[in-house]
Each structure stands twice: as structure tokens, then as C-alpha cells.
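Values reported hereafter were calculated over all heavy atoms of this structure, with side chains retained and with hydrogens, waters and symmetry mates removed. Each ligand, and each atom within it, is numbered from 1 in the order the structure gives. As the structure is a computational prediction, the values presented were derived from the model and not from experiment. Position 1 is the first residue of the sequence; numbering continues from there.
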Amino acid sequence: MVVPTPPFTVVGPLQADDLVAEALSNALLASSLWLNVALMGVALLLFTYLGRGVTDEYARLILVATIGIPAVSIASYLGLISGLTVGVVDIPGRGESVTLWGRYLTWTFSTPLILVALGLLAGTNVTKLFTAVVFDVAMCVTGLAAAMTSRALWLRWAWFALSTAFFLVVLYVLLVEWPRDVADQDPSVQRLFGRLKYLTTVLWVGYPVVWALGTEGLALFGTGATGLAATSWLYTLLDVGAKFVFALLLVRFLATERPVVTRHGLDRERAEPADD
Ligand code: RET
């Protein structure tokens, strides 16, 4: 008797677990994840130590948002290392691929913290801060959808395009609105904001580029363990700049020049006379 074989292979839960376990046992991939846990652990202790003398409420708010960045990151990377947020997705035309989808999920929590810290530093208002955070969260969630879609290849890129559109709103607030707000502030705040703005823009643009070239997108570095590790290393390097360097510059500034930061804040417009 001839048993008909289906034109596709079905990956059961056990087989998917095996694929994930195999991917995570790759030394190159594992090192890219552990490096981040170690670095963010150091960052958490260092920033808490450096920020211990910051007493002003407004400066402390920026500090808490900044210290939250490595805190979320440690949880994010431990989630990946433990396999909790790693899965298998059937990419049309390519087959079963391991995806570190937890990244996109945890960006939903870490990137708003970066924007809150930056927006508060610029002395922006609640509306602009809310706009940046809402579109940033939308960017991360649709980025997650792009990575998890298996129905059609074009649908993955449709999610990618939607996520990019949301990203453009974030970039608009960062590059057009906040520089206007920060213009009212002390030159030292303006200088720091300028540096952080460029650092953030250049590195954040790197993320969709890595997505498009890496295992979720065109798979230019290959589809197997090496491709996954190469993609992961690129994200890790971006993370070091976008989180560690960013937060270090900000915390160091808050710890040394805090009185200047507190002169303007979210309350500024309320505190000024209406006809001023
Ligand atoms: C995705 C893919 C879809 C299109 C776009 C993306 C943008 C991601 C960005 C991520 C930034 C992450 C940071 C993490 C720090 O913890 C989701 C990759 C536009 C900008 C800074």
C-alpha cells in the first residue's frame, strides 16, 4: 500500500523544541545573548551607584526611566537564553526557522523608556511624549507580527512596512519636535540632547536594516545556526550603543549637572504666565 506523503512537513511541538534547543546550544548565538546579560547587569549596578546623589524629582524621573532600560534588557535576554521567548516559524519558501521573537516583545517595554528619558530631557510636553511612545509601541508590536507571520511572505513585509511607517512618526518627534523644545534649555542640555539624538537615530535605523537582512528577512547571512548567530550579534552590538552608551551618557550628565536639567520640565508651560 502506498501512503501518500503531504507536500509539506508538519513540525510538532517536540520537533520545534528540538530546533530551539539546538539553536540555543550554538556557542556563537549563546555568547551574543550572555554578553548582553553581563553588560546590562554591570550597567544596572553602575547607574544606580552613579545616580545615588540625584535628589531632584524631575531628574530622578529621568534617572528611573534610564535605569529601567538595562533592567528590562536583562529580563529580555534571560527570556531568550531560557528558550521562553524563542520559537519556530514557518517562513514561506524557506521552511521552519528559529525566531528569537522575545526581542520584539521586550522592545515594547525598553524603547518607551529610552524615549521617555529623551523627551523629559528635552523638556517636552505630555502630548509629544505620548505620541512618541504610542507609535513606538505600535512599531514594536507590528515588528513582532512581521516576525511571526507565516501565511505569506508578502504579509511579513506588509507588517514590516507598517512598522516602518510607525517608526517614521517616532523619528519625526525625535528629529523635529524635540529639538524645538530643547532650544529653550541650557546649552549643556542642548549639547547632550544633540548627541543622544544622533546616537539614537543612527542606531535605531540599524534595527530594521538588521531585520531586513537577517534571518527574519532576506536571510543574507544564511538561514541556519550561523545566520541566526550573525543576526543576533548585530542586534547585540546595536543594543550596546542604543542602551548602554545612551544610558551611560545620560546618567553621567544627571549625576554631575543635575541643577540645569531641572530648570525646565513637563510643568514649564503651567508655571509660566499665560500671556508671556
Ligand atoms: C523592526 C522591524 C520592523 C520595522 C522596524 C523595526 C524597528 C525596530 C527598532 C528597534 C529598536 C530597538 C531598541 C531596543 C533597545 O532595547 C521591529 C526591527 C522599523 C527601531 C532601541
* Structure fact -> Note: heavy atom closest to atom 21 (C) of ligand 1, options Trp204, Phe167, Trp157, belongs to Trp204

* Interatomic distance, Leu254 atom CG to Thr66 atom OG1 [nearest 0.5 angstrom] -> 6.0 Å

* **For atom 17 (C) of ligand 1, the option (of Gly143, Ala147, Ser76, Ser73) bearing the nearest heavy atom** => Gly143

* To do: May I ask you to test the Phe135-Val173 pair for a side-chain heavy-atom distance under 4.5 Å?
  => no

* Judging by distance only, is a nitrogen or oxygen of Thr111 under 3.5 angstrom from one on ligand 1? -> no

* Of all the non-hydrogen atoms in the protein, which one sits nearest to atom 7 (C) of ligand 1, and at what distance? -> Pro208 CD, 3.7 Å

* Asked: Partners of Ser76 by side-chain hydrogen bond (donor to acceptor under 3.5 Å, both in side chains), sequence neighbours excluded?
  -> Thr106

* Structure fact -> The answer for which part of Trp107 has a heavy atom under 4.0 Å from ligand 1 is side chain

* Asked: At a 4.0 Å threshold, what atoms of ligand 1 neighbour a non-hydrogen atom of Trp211?
  -> 2 (C), 18 (C)

* Asn36 to Ser73 - nearest heavy-atom pair and separation -> OD1-OG, 3.6 Å

* When the ring planes of Phe160 and Trp211 are compared, do they come out parallel, tilted or perpendicular, using 30° and 60° as the limits? -> tilted

* To do: Give the intermediate values and the outcome of ring pair (Phe, Tyr, Trp, His ring centres under 6.0 Å) for residues Trp107 and Tyr104.
  => CA-CA 5 Å; Trp107 289 346; Tyr104 314 110; 5.2 Å; yes

* Ignoring hydrogens, just give me the one of Ala161, Ser110, Ala145, Ser163 whose non-hydrogen atom is nearest atom 6 (C) of ligand 1. => Ser163

* Nearest-neighbour protein heavy atom for atom 8 (C) of ligand 1, which is reported as residue plus atom name and distance -> Tyr207 CB, 3.7 Å

* For Thr164, take its heavy atoms, then give the atoms of ligand 1 lying under 4.0 Å from any of them. => 4 (C), 19 (C)

* Which heavy atom in Ser32 sits nearest to a heavy atom in Ser232, and how many Å separate them? -> OG-OG, 2.7 Å

* Structure fact -> In this structure, atom 15 (C) of ligand 1 is nearest to the protein heavy atom Lys243 CD, 3.6 Å

